[in-house]
Novice: 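Sharing a structure with you now.
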Amino acid sequence: MNAPDSTRTAGAVTSIDHWIDGRVVPGQSGRSADVFNPALGQVTGKVALASSAEVDKAVASAQKAFPAWADMPPIRRARVMFKFLELLNKHRDELARAITVEHGKVFTDAQGEVTRGIDIVEFACGIPQLLKGQYTDQVSTGIDNWTMRQPLGVVAGITPFNFPVMVPMWMYPVAIAAGNCFVLKPSPLDPTASIMMARLLKEAGLPDGVFNVVQGDKDAVDALLEHPDVKAISFVGSTAIAQKIYETGARHGKRVQALGGAKNHMVVMPDADLDQAVDALIGSAFGSAGERCMAISLGVLVGEAADKILPMLAERTQQLKIKNGTELDAEMGPIVSKVAHERIAGYIGHGVDEGAKLVVDGRSFQAAKAGAGCDNGFWIGGSLFDNVTPDMKIYKEEIFGPVLGCVRVKDLAGAVELINSHEYGNGVSLFTRDGNTAREFSRRVQVGMVGVNVPIPVPMAWHGFGGWKKSLFGDMHAYGEEGVRFYTKQKSIMQRWPESIGKGAEFVMPTAK
């Protein structure tokens, strides 16, 4: 399995196609999209964009494979996952290089993404234990009762550009280990990793049709949402699209798990270790160029902490090592696309127009400083605002870029009220030395994932990921035990045998006797 060469020239353009029924299938729709190396601003590939007919083929392949896969003992499905885990560990750097070339995030960050995805595969290897039901002997005279969990059938995942390996792994390892067959629709901005993972699954012994990939855009999404054989949809992306996915999928009778946008705050108390708080704000705001739903985009500076920490933040923002992600000392890479770059620059302009103080302007970053050949890449530096207020566009909306806004508040109560008033409730962090402050904050803040002196509180594989309010549509979080429940349905069975059945019809509700 070979990853793309990070030194491709504009003339070396490859085709990225679909994966259906255990093999690469060239696109037939006649439509495609350019895939860029964002550090160089060069086209490196052409990704096929599926028609509804191609989605039908992928779903039909999954539907055909489902009965045998669902009937396979969970321990045998787990053995496939164990082999897949072994192959992922062997090829993790190839997957990371593919991420860096097409997304732009620095290689060390891409390695971390792959590692966190592998954590979910490790969790899924325990599927025999996770699928165990409950049994009660003698619930009534001669009657036993037990529950079991069974797979849904064909399920689909629609995933974003910012984590082309990890977010799909939030979904398909648990889904297929539980006995479902899966159709992945990755982002067309960085699609190569999806085919690499498909190849590894096949090498691990996964039967053809259990895992399929349809590259595409809105046409492919709509086809999956409307397809009668797709029983569940998992989605990660913006709130507007998440809400549409949730409503459309539910209207077509599907289970839907739609994770939306975020505007994550980090509260810095006056008693916090300010050096640690600065490290946390810089890393979480500018890591992956701010293109992640758990990025900290708002620093909430309490009392005297503000005047102390802002000069430190300004100095560190200006010192960011912004380079091609293939450079191992890079701290931040390019923006994923030209469109995203223009959107982020527009938000910085809005912040200035609305009266926020622009302490560091990332728009002034010179692309040539990123390295040889980077002049045409999609580069922007880290930006830092002070005096941001809740009525501003840069406070209310998700920028999804390297822009950190700072809000000043008087006390902890003001910080909690500020955060709870926001329409998003994905992640939040608090830096303090005081245990009671941490306890009160954790209990009272209306956010799904909370970090105490942890800037990016992404739960581990066995806990599950998901926010509150407009950050999540649906009842169940991604991965963990809730992921197992999402991809399975419970069946309750009561039984008794003829020797224990009394004579005569019973016309009343059965009760324990």
Side-chain angles (χ1 to χ4, degrees), residues 1-17 27 32-49 91-114 159-168 186-197 213 215-217 286-292 320-345 362 365-381 400-402:
M1 184 187 72
N2 295 316
D5 186 346
S6 61
T7 61
R8 277 190 188 143
T9 63
V13 176
T14 59
S15 296
I16 303 105
D17 297 305
S32 63
D34 290 337
V35 178
F36 285 84
N37 180 326
L40 308 179
Q42 295 177 345
V43 176
T44 58
K46 290 277 188 182
V47 60
L49 300 177
H91 295 285
R92 67 169 67 206
D93 283 354
E94 293 170 62
L95 283 163
R97 280 192 291 272
I99 296 167
T100 295
V101 169
E102 291 183 349
H103 173 276
K105 69 176 64 176
V106 302
F107 181 67
T108 51
D109 189 23
Q111 288 177 308
E113 173 186 340
V114 176
T159 57
F161 72 84
N162 58 326
F163 289 101
V165 169
M166 185 184 75
V167 170
S187 169
L189 294 179
D190 41 17
T192 294
S194 63
I195 301 301
M196 296 171 73
M197 292 185 290
V213 179
Q215 311 290 355
D217 53 10
F286 302 127
S288 197
E291 294 175 320
R292 52 190 178 197
L320 282 171
K321 295 178 182 178
I322 303 171
K323 298 182 178 183
N324 190 324
T326 57
E327 300 291 333
L328 294 183
D329 64 338
E331 295 174 334
M332 191 176 103
I335 303 304
V336 71
S337 70
K338 184 177 181 181
V339 171
H341 182 280
E342 291 172 350
R343 187 195 70 247
I344 294 163
F365 180 79
Q366 298 176 2
K369 292 183 178 180
C374 292
D375 300 64
N376 296 317
F378 312 133
W379 296 95
I380 197 167
F400 222 65

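When a residue number appears, it is its place in the shown sequence, counting from 1.
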Novice: Hey, is the main chain of I16 close enough, under 3.5 Å, to the side chain of Q215 for a donor-acceptor pair?
Specialist: no
Novice: What's the separation between atom CG in N162 and atom NZ in K105, rounded to the nearest 0.5 Å?
Specialist: 6.5 Å
Novice: Heavy-atom distance under 4.5 Å between the side chains of M166 and V114, does that happen here?
Specialist: no
Novice: Just verifying a value: how many Å separate E102 CD and F36 CZ, rounded to the nearest 0.5 Å?
Specialist: 12.0 Å
Novice: Search all heavy atoms of C374 against all heavy atoms of A367 and return the closest pair with its distance.
Specialist: O-CB, 3.5 Å
Novice: Looking at P160 and S187, what are the two nearest heavy atoms and their distance?
Specialist: C-CB, 3.7 Å
Novice: Specify whether F400 and F161 have parallel, tilted or perpendicular ring planes, treating 30° as the upper limit for parallel and 60° as the lower limit for perpendicular.
Specialist: perpendicular
Novice: Is there a donor-acceptor pair under 3.5 Å between the side chain of W379 and the backbone N or O of A39?
Specialist: yes
Novice: Scan I335, V336, V165, L189 and name whichever one has a side-chain contact (heavy atoms from CB on, under 4.5 Å) with H103.
Specialist: V336
Novice: Could you pull out the closest heavy-atom pair between P402 and G381, with the gap in Å?
Specialist: CG-O, 3.8 Å
Novice: So K323 and D329, do their side chains get closer than 4.5 Å, heavy atoms only?
Specialist: yes
Novice: Applying side chain to side chain contact (heavy atoms under 4.5 Å, CB included) to K46 and T14, what does each step give before you reach the verdict?
Specialist: CA-CA 6 Å; K46 290 277 188 182; T14 59; over 6 Å; no
Novice: Under 6.0 Å from the CD atom of Q366, do we count more than 12 heavy atoms belonging to anything else shown?
Specialist: no
Novice: Can you spot which of N37, V13, V35 makes a side-chain contact (heavy atoms from CB on, under 4.5 Å) with V43?
Specialist: V13
Novice: The test is side chain to side chain contact (heavy atoms under 4.5 Å, CB included); show your working for E113 and L95 and say whether it passes.
Specialist: CA-CA 10 Å; E113 173 186 340; L95 283 163; over 6 Å; no
Novice: What is the distance from atom CG of D190 to atom CD1 of I99, rounded to the nearest 0.5 Å?
Specialist: 8.0 Å
Novice: Without swapping roles, check the side chain of E331 against the backbone of L320 for a donor-acceptor pair under 3.5 Å.
Specialist: no
Novice: Side chains of M197 and P168: does their closest heavy-atom pair fall under 4.5 Å?
Specialist: yes
Novice: Do T326 and N324 get their side chains close enough for a donor-acceptor pair, meaning under 3.5 Å?
Specialist: yes
Novice: Taking all atoms of both residues into account, what is the closest heavy-atom pair of V213 and P186, and its distance?
Specialist: CG1-CD, 3.8 Å
Novice: I'd like to check V47 versus S32 (side-chain heavy atoms, cut-off strictly below 4.5 Å). Are they in contact?
Specialist: no
Novice: Run the salt-bridge test on D109 and R292 with the 4.0 Å N-O cut-off and return the result as yes or no.
Specialist: yes
Novice: Keeping Q111 on the side-chain end and A96 on the backbone end, is there a donor-acceptor pair under 3.5 Å?
Specialist: no
Novice: Which heavy atom in I380 sits nearest to a heavy atom in F365, and how many Å separate them?
Specialist: C-CB, 4.1 Å
Novice: Indicate the atoms forming the closest heavy-atom contact of P164 with A193, along with that distance.
Specialist: O-CB, 4.3 Å
